[in-house]
Amino acid sequence: MADPIKAVRGTRDILPPDSALWQHVEQAARDVFQRYDFHEIRTPIFEDTQLFARSVGEETDIVSKEMFTWEDRPRAQSEKAQSLTLRPENTAGVVRAYIEHKLGETGKLQKLYYIGPQFRRERPQKGRFRQFYQIGAEVLGPPSAGSESPARDAEIITMLAQLLREVGIRNWELQLNSVGCADDRARYNQALREALAGVKDKMCADCRRRAETNPLRVLDCKVPEDQRIIESLPKISAYLDEPCREHFNEVRKILNHVGLRYQVNERMVRGLDYYTRTTFEFTHGGLGAQSALLGGGRYDGLSEGLGGPKAPGIGFALGLDRFVLALQSEETVGIPDQSPAIYVAPLGQGMNAEAAVIARDLRKQQIATELGDDTFRAKKSFEAAERSGAKFILFVGENEIASEQFALKNLKSGEQMTVARAEIANKLKS
RNA sequence: GUGGGUAUAGUUCAGUGGCAGAACGCCAGACUGUGGCUCUGGAUGUCGUGGGUUCGACCCCCACUACCCACCCCA
């Protein structure tokens, strides 16, 4: 026999009953988004490779080594070959759609959310997959619509805290930072580079390398011996210009006022080039090394970088895979019960047809119903009913059909009653 | 891309250089209209793949593959 085909590395199947947990998170997100006036956008799963190169950044790990990219060969003389890429994140696609459909011309603030798979060709580990799922939201629009306001930053972060609460994740921490505008970051990068030149020889091998390639990454180092040196390096806050400083202060002021706990972490570094000003990350203790539950930030120059109008924005992406892991690590949250309310058991020859009518009618009345078949004895029906998780079992036999009175039994309590055909649904609802 | 760990029944896992195991689960019967208990019986399988050592390898050696964890990076 030929070798069976398996799911490719870094991909997986989400099976019942786990899929119920995924639906629970997705539903909670849609509910919260609705209340904050966010609306769903669905963008393509693959895009022109250039979209990600120009937004996420050519030099980032994501673009330089983690994308699934292929050449789409021309199929007619008139077609040109095009480099396509499975989306490694969704913000670029949303901003592309914003530009393409001239959403800025409406003058209205766009508040958009998405739910869907993303793809990065990384080595899989706990909480990290090659096909993974993100829920995200973006607020963007022309500055006249208020897109630049710190109120938007605070609103998004407040919404996330509410989402976490409603999903049932308790054990989280919020870290906040401002990376300033492009000029601020350039000056800070320069300052870091100079400061590191003197001390990097005393640091770990990774830091020595990062001091050259990407000084910001040094701040992320976890080697204990390096921490004192890192503490002595210049802080980003000292390099923010006045408008950026004020913006960040206002975000913090609002968050303080709504009573959200957070930590300013000047060492929090995010790996996408488009972030400006506010950046944030919610972390969770139950996730192993990949502790970031969700992350996001402001991207005031992204639209222009993609050839669009000025359209400041802020957004986030949360890792659905990691949300589910976090939920599973907090024992208080169980898998939602999706079992049927009733198991309809035909008893004896020729009862399948009668049972099918009853099951159809129950389902019409919004009762989740499982239907057996008449190859089973009564005992087998009970066993199948138990396995289905149904709370009730209904027997459909010759006696019942003749009398129009049905035996309805509560599988948990053992209580049994006789009910008329028309009353079955009512009994279940009561 | 680098490092470490693991690979035996549907699942969780024991195991020994000489017959392939347990628990749970599954199937059948006792028991063809009222179960959950019990009893009896049954099937669990390329011991990840390929090679080597050996009279003999699931076990020792080598290679490969897959999965897990970590680095890196991120959600």
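Just so it is clear: chains get the letters A, B, ... in the order the sequence lines come, proteins before strands, and each one is counted from 1.
Legend: salt bridge (Lys or Arg N to Asp or Glu O under 4.0 Å) pairs involving residues 332-353 of chain A, not counting sequence neighbours, sorted by first then second residue: A:Asp337-A:Lys391. Listed by first and then second residue, the ring-ring contact (aromatic ring centres under 6.0 Å, His included) pairs involving residues 204-239 of chain A are A:Tyr188-A:Tyr239 (not counting sequence neighbours). Counting only residues at least two apart or in different chains, salt bridge (Lys or Arg N to Asp or Glu O under 4.0 Å) contacts with residues 277-305 of chain A comprise A:Asp153-A:Arg298, A:Arg270-A:Glu281, A:Arg298-A:Asp300.
Listed by chain and number, the residues in a salt bridge (Lys or Arg N to Asp or Glu O under 4.0 Å) with A:Arg42 are A:Glu40 (sequence neighbours excluded). For A:Asn214, the side chain to side chain contact (heavy atoms under 4.5 Å, CB included) partners at least two apart in sequence or on another chain are A:Leu216, A:Arg217. Annotation: salt bridge (Lys or Arg N to Asp or Glu O under 4.0 Å) contacts of A:Glu231 (sequence neighbours excluded): A:Arg267. Judged as a ring pair (Phe, Tyr, Trp, His ring centres under 6.0 Å), and not counting sequence neighbours, A:Phe132 has no contacts.
Around CZ of A:Arg261, the count of heavy atoms belonging to other residues, nucleotides or ligands within 6.0 Å does not exceed 12. In this structure, A:Glu398 places its CD atom where only 12 or fewer heavy-atom neighbours from other residues, nucleotides or ligands lie under 6.0 Å away.
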Pair up each side-chain donor or acceptor in residues 321-330 of chain A with any protein partner under 3.5 Å, not counting sequence neighbours, and list the distances.
residue, atom, partner, partner atom, Å
A:Asp321, OD1, A:Tyr133, N, 2.8
A:Asp321, OD2, A:Arg12, NH2, 2.7
A:Arg322, NE, A:Gly127, O, 2.7
A:Arg322, NH1, A:Ala292, O, 2.9
A:Arg322, NH2, A:Gly127, O, 3.2
A:Ser329, OG, A:Ala326, O, 2.8
A:Glu330, OE1, A:Arg170, N, 2.9
A:Glu330, OE2, A:Arg170, N, 3.1
A:Glu330, OE2, A:Asn171, N, 2.9
A:Glu330, OE2, A:His284, NE2, 2.8

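A heavy atom closer than 4.0 Å to some atom of RNA chain B occurs in no member of residues 165-174 of chain A.
The gap from the C1' atom of B:C58 to that of B:G17 amounts to 10 Å, rounded to the nearest Å. Rounded to a whole angstrom, the distance from the P atom of B:A75 to that of B:U16 is 47 Å. As rounded to the nearest Å, B:C47 and B:U8 have C1' atoms that lie 4 Å from one another. The P atoms of B:G42 and B:G50 are separated by 31 Å, rounded to the nearest whole Å. A gap of 25 Å separates the P atoms of B:A43 and B:G36, to the nearest Å. Spacing of P atoms, B:A20 relative to B:C26, comes out at 28 Å, to the nearest Å. Remark: the separation of the P atoms in B:A22 and B:U44 is 12 Å, to the nearest Å. B:A9 and B:G21: their P atoms are spaced 14 Å apart (whole Å).
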Would you list the protein and nucleotides 30-34 of chain B atom pairs, both N or O, that sit under 3.5 Å from each other?
residue, atom, partner, partner atom, Å
B:G33, O6, A:Glu398, N, 3.0
B:G33, O6, A:Asn399, N, 3.4
B:G33, N1, A:Glu400, OE1, 2.8
B:G33, N1, A:Glu400, OE2, 3.3
B:G33, N2, A:Glu400, OE1, 3.4
B:G33, N2, A:Glu400, OE2, 2.2
B:U34, O2, A:Lys409, NZ, 3.2
B:U34, O2, A:Gln416, OE1, 3.1
B:U34, N3, A:Gln416, OE1, 3.2
B:U34, N3, A:Gln416, NE2, 3.2
B:U34, O4, A:Gln416, NE2, 3.4

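Heavy-atom distances to RNA chain B give each of A:Gly414 and A:Arg387 a nearest nucleotide, and the one nearer the 5′ end belongs to A:Arg387.
Side chain of A:Glu212 to backbone of A:Arg208: no donor-acceptor contact under 3.5 angstrom is found.
Relative orientation of the A:Phe33 and A:Tyr113 rings is tilted, given thresholds of 30° and 60° on the angle between their planes. Using cut-offs of 30° and 60° for the angle between ring planes, the A:Trp172 and A:Phe282 rings count as tilted.
As judged by a 4.0 angstrom heavy-atom cut-off over every strand, A:Ile135 is placed among residues making no nucleic acid contact.
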Point to revise | Base-pair map of RNA chain B as dot-bracket, where | denotes pairing with a different strand and pairs are Watson-Crick or G-U under 3.5 Å | key: (((((((..((((....[..)))).(((((.......))))).....(((((..]....))))))))))))....
Practice item. Go along nucleotides 65-73 of chain B 5' to 3' and tag each nucleotide: B for a protein heavy atom under 4.0 Å from its base, S when only backbone or sugar atoms are that close, - otherwise. Key: -SS-SBBBB
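Atom CD1 in A:Ile393 sits about 13 Å away from atom P in B:G36, given to the nearest Å. The distance from atom CG of A:Leu320 to atom C1' of B:A75 is 10 Å, rounded to the nearest whole Å.
For the pair A:Arg252 and A:Phe248, the distance from NZ or CZ to the six-membered ring centre is under 6.0 Å and the angle to the ring normal is within 45 degrees.
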